[in-house]
Undergrad: 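Sharing a structure below in structure tokens format, with a few things to ask.
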Amino acid sequence: HPYFRLPGVTDADVGGHVLTAHVSHVWEADAANLPTGVRKPVPAELDFQKPKPIGAVALDHVFTGVTAAAGPGGRVEVATLTHPAAPGRLRVLADPAFRDLVLFTPAHRQAVAIEPYSCSADASNLAARGIDSGWRSVAPGDTWQAAVEYRWEQ
């Protein structure tokens, strides 16, 4: 996972970092933290559709339903990370093929992971059950490509 802590921030953890995640749903997870195949609206405690501090929330979720529209270059802004003490902001942009987003705060809370996914975790097993998980198969000799961009803006 790509982990981030913004420069200029001296807070003890990432709770004061302000996260925006342009996603409308979260994959329900089982006891092993694998998606069950059910997508639910993002609950209030995990709702970062409008900018808000990460706070004490423990993130370890696969979100879906990217809500932002593609901008110039065809990429979608799936998330941003800011902090009042930081000299800029991090923008996470991805091709529309990246329909899921993993947000994770490790136990030490010194950083937050923000990672676009082209399919959900355990996607092959979900697809085998007839669930649209974003799973793709690429035939021998064929190619598939898409891009994710982590952009620092001052």
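Remember, it's a predicted structure, so these values are computed and weren't measured experimentally.
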Undergrad: Hey, is the main chain of F63 close enough, under 3.5 Å, to the side chain of H61 for a donor-acceptor pair?
TA: no
Undergrad: Given the side-chain rings of Y150 and F4, with only the six-membered ring counted for Trp, is the space between their centroids under 6.0 Å?
TA: yes
Undergrad: Could you walk me through whether V148 and V78 pass the side-chain contact (heavy atoms from CB on, under 4.5 Å) check?
TA: CA-CA 10 Å; V148 171; V78 294; over 6 Å; no
Undergrad: Quick check for you: to the nearest 0.5 Å, what is the distance between W135 atom CH2 and C119 atom SG?
TA: 6.0 Å
Undergrad: Please check this pair: side chain of D95 against backbone of A97, looking for a donor-acceptor N/O pair closer than 3.5 Å.
TA: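 Side chain of D95 to backbone of A97: no pair is present.
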Undergrad: Measuring from L103:CG to H1:NE2, what's the distance to the nearest 0.5 Å?
TA: 10.5 Å
Undergrad: Has the side chain of H17 got a donor or acceptor atom that lies under 3.5 Å from a matching backbone atom of L81?
TA: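 Not a single qualifying donor-acceptor pair exists.
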Undergrad: Which distance, rounded to the nearest 0.5 Å, do you find between the CG of N125 and the CG of L34?
TA: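 One gets 8.5 Å once the value is rounded to the nearest 0.5 Å.
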Undergrad: Would you indicate whether K52, at its atom NZ, is surrounded by more than 12 heavy atoms from other residues, nucleotides or ligands within a distance under 6.0 Å?
TA: yes
Undergrad: Going from CG on L93 to CZ on F98, what distance comes out if it is rounded to the nearest 0.5 angstrom?
TA: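 Taking CG in L93 and CZ in F98, the distance rounds to 12.0 Å.
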Undergrad: Could D142 and R136 be called an ion pair, given the rule that one side-chain N must be under 4.0 Å from one carboxylate O?
TA: no
Undergrad: Taking A12's backbone N and O only, do any of them form a donor-acceptor pair with Q110's side chain (distance below 3.5 Å, no angle check)?
TA: yes
Undergrad: Find the distance between CZ (F48) and CG (L101) and round it off to the nearest 0.5 Å.
TA: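 It is 11.5 Å, given to the nearest 0.5 Å.
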Undergrad: Between the main-chain N or O of R89 and the side-chain N or O of T82, is there a donor-acceptor pair closer than 3.5 Å?
TA: no
Undergrad: Let me confirm one number: the NZ-NE2 distance from K40 to H25, rounded to the nearest 0.5 Å.
TA: 11.0 Å
Undergrad: For D100 and S120, indicate whether the former's side chain and the latter's backbone hold a donor-acceptor pair under 3.5 Å.
TA: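 Yes, D100 side chain to S120 backbone: donor-acceptor pair under 3.5 Å.
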